[in-house]
Amino acid sequence: MTVNRRQFLRAGAGLAAGVAAAPLLQACKLESRRELADGGFAQLRTRHFREQLTLNPVTSTYLGGEGWDPALGVLHGRLRNHAPDALRDEADTYRDHTRAHLTIDDALLSPQGRVDHAVMGAQLAFLQHQLDRRYHERAVDTYVAEPFRGVDWQMQQMRATSSQQLGDEAEWSQVVERLSAVPEYLAIARANLEAGQKAGNMPDRRMVRIDGIAGSRANATYFRLTVPQLAKAYMAGQSFEGAMTRRLADAGAAAARAYEQFAVWMERTYPLNESANRFALGEAGYEWRVRTVLRDERSANELFDYGGRQVEEYTQRMSEVAERILRERGIGVPSGDEDRAWSIRRVMDDLSAESPANDEELLRWYREAAARAVAYGREREMFDVPADYRLDIVPTPPVLRSTIDAAYYPAPPLKNVGVGRFYLTPTGNDPAALRQHSRASVADTAVHEGFPGHDWHFKYMTQQAAEISHIRWLTIGAVEDSSSMWSDSMAVEGWGLYAEELMATPVADRPHGFYSPGEYLFELQGQLLRAARVRIDVGLHTGRMSFEDAVAYYTGHVSFFPDACAKAASDPAAKAACDSAARAIYRYSKWPTQAITYNLGKTAIVSMREAYRSRAGASYSPREFHEQFMRMGTIPPGFFRDVLLPK
């Protein structure tokens, strides 16, 4: 959907002129200048926010945009317009917004206004940067993920009309409308990708094969079979069931055919056996993203070295814990650095022997660990946990089971309705899959996704929503694919990783805090994984590591299985380790700087906490710091450090 550019330009020009004049009015009182700056920026910020939801209907669905303005409810039936003329209009709009943004003297804004001003500047810079580098000509995963996520989130957010029924006639009509938009959406996507191919601006072959071809065929199955099946179950007994089911089936079949044709076109168009790697962003581009999006001034070289030091630190800590556990079990411990991997793997293999017998027991273990975490938080008075706070874990909906093991999906924050969901994917009682959920590994995941991780974080932010500016919720570019700015991950995923470490704080008679020694070993492995991502992600995107180098680093430093890929042909365990590493490295290769946000976000929180503690002295309150942090919303900590720690 395009914006009314004539109306926008009139409003934008007037706003820019008024704000630009403010510093020139020497006779004007400072308070008046501040009021003018605050008012002008508030208008510009709101216009930018509304426009981003209008241009990105799936983002509006994800956030619950109609809760902010009911007029945005029509967006549930639409998809983003990636056509060249629409993108040119967007580029013009971003330049207009940027000019207006630059005329505002942020020194006159309130502290929170200055944060929002910096956030909006980074968002505009990213949007223009993506258009300048013509990312839409290679964004294969975006074109596959966006329609699927839009329809999936629509159904997740539908109102319950009874204990079994979901959605009214208007809501299901919007699903039909969005499905009907898929063929034209993919026609535009194909034209963009063809232009990119002609210009040599091509996606990496792995993205084409995995997200493009396989993902398109998975979408075809989802739209042709899964959506009508779910709809039939959700609409059973409603007066509009028969006609709506037929409409959904027809629209779903058309969307499925479009994705099947899209997959065939990619198979015939792209050289899937080429040896060239096309994923690297380049050092300059990588550093631009780190500086602009994540608000971190370190160079690629500094981050690469930092990641290596973090890996060594967590490996050593894991080794020390593993050796203590081995000695307690009367198992001899070999000496030398080369045997650290053996000690760690031996203990983790032993711990993995205690796995759930079936999915029912798996779910119970996670629920028990989550309840234990909440009780621990209350006992230690870590947070002001309401008496009615409840963390539940539910089986992942069937449509999502192929893509996640465990994940947290927040309620749409702008609607102020619904609840977040901690999803755990059943294994179908598969013994091999159940062994991946050892009892010792459960607690760390329950903490990260549940309490005091994502579930607590989002629920607290929602309670404080009046203090959190709407643009801090935006997922610029896309919600969750390689077109996204990923600015929220440093706060959200950084908080999840911080929560894991926070629960390990030693207390009397509990050297590992909430965790048992075995659980603590898995917590350290989670920290090690996120540290390794820093070194790998920088390495991949700046040419310091090849894809194969990154896989080898992962198997050696995260899986503790050196040379796993070389042994894969004859050793099933080595093959599993090699395959797991390759899947992880592929994810990092297509999403530059996303993988580093977990560790960088966590360490930024720790740094701010220690500075906050130092200033507060004897009056320091961990709860006060944590609440102040969460009230800042889902933006990288670098944007609001000066507000939390004023100079």
Report yes or no: is the cationic atom of Arg149 (NZ for Lys, CZ for Arg) closer than 6.0 Å to the six-membered ring centre of Tyr62, at no more than 45° off its axis?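 No, cation not above the ring by the 6.0 Å, 45° rule.
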With Arg217 as the cation and Tyr259 as the aromatic partner, state whether NZ or CZ is under 6.0 Å from the six-membered ring centre and within 45° of the axis.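 No, Arg217 does not lie over the aromatic ring of Tyr259.
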Considering only heavy atoms from C-beta outward, does the side chain of [X] approach that of [Y] to under 4.5 Å?
{"X": "Asp141", "Y": "Trp591", "value": "yes"}
{"X": "Ser319", "Y": "Ile344", "value": "yes"}
{"X": "Phe451", "Y": "Phe383", "value": "yes"}
{"X": "Phe514", "Y": "Tyr520", "value": "no"}
{"X": "Gln310", "Y": "Thr603", "value": "yes"}

Distance-only polar pair, side chains of [X] and [Y], donor-acceptor under 3.5 Å:
{"X": "Tyr409", "Y": "Asp152", "answer": "no"}
{"X": "Tyr515", "Y": "Arg510", "answer": "no"}
{"X": "Gln628", "Y": "Glu624", "answer": "no"}
{"X": "Glu66", "Y": "His76", "answer": "yes"}
{"X": "Thr425", "Y": "Asp405", "answer": "no"}
{"X": "Tyr314", "Y": "Arg530", "answer": "no"}

Residues which pass side chain to side chain contact (heavy atoms under 4.5 Å, CB included) with [X], listed by chain and number, not counting sequence neighbours:
{"X": "Lys575", "answer": "Ala568, Asp579"}
{"X": "Glu241", "answer": "Lys232, Met235, Thr245"}
{"X": "Ala233", "answer": "none"}
{"X": "Leu225", "answer": "Thr221, Gln229"}

Ion pair check, [X] and [Y], cut-off under 4.0 Å:
{"X": "Glu467", "Y": "Arg472", "answer": "no"}
{"X": "Arg324", "Y": "Glu328", "answer": "no"}
{"X": "Arg317", "Y": "Glu313", "answer": "yes"}
{"X": "Arg372", "Y": "Glu519", "answer": "yes"}
{"X": "Arg309", "Y": "Glu312", "answer": "no"}

With side-chain contact (heavy atoms from CB on, under 4.5 Å) as the criterion, how do Arg533 and Tyr554 come out once you've worked through the C-alpha distance, each side chain's angles and the decisive distance to 0.1 Å? CA-CA 9 Å; Arg533 286 176 177 175; Tyr554 190 102; over 6 Å; no
Is it true that, when you exclude [X] itself, more than 12 heavy atoms of the residues, nucleotides or ligands shown sit nearer than 6.0 Å to its [atom1]?
{"X": "Glu381", "atom1": "CD", "result": "no"}
{"X": "Glu360", "atom1": "CD", "result": "no"}
{"X": "Arg390", "atom1": "CZ", "result": "no"}

Indicate, with yes or no, if the rings of His626 and Trp495 have centres closer together than 6.0 Å.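 Distance test on ring centres: under 6.0 Å, yes.
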Does the separation of the ring centres of Phe560 and Trp342 fall below 6.0 angstrom?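 Between Phe560 and Trp342, the centre distance exceeds or equals 6.0 Å.
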Distance from Asn219 atom CG to Glu146 atom CD, nearest 0.5 Å?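 Going from the CG atom of Asn219 to the CD atom of Glu146 covers 11.5 Å.
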To the closest 0.5 Å, what do you measure between CG (Leu166) and CD (Gln154)?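 Rounded to the nearest 0.5 Å, the CG-CD separation comes to 13.0 Å.
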Do any pairs count as a side chain to side chain donor-acceptor pair (under 3.5 Å) and have a residue in residues 443-458, sequence neighbours left out, and if so which ones?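 Sorted pair list: Tyr389-Asp455, Tyr408-Asp455, His448-His454, His448-Glu493, His448-Glu500, His454-Glu493, Asp455-Lys459.
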For Tyr366, enumerate each residue passing the side-chain hydrogen bond (donor to acceptor under 3.5 Å, both in side chains) test, keeping only those at least two apart in sequence or located in another chain.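 Once residues adjacent in sequence are excluded, the partners of Tyr366 under the side-chain hydrogen bond (donor to acceptor under 3.5 Å, both in side chains) criterion are His437.
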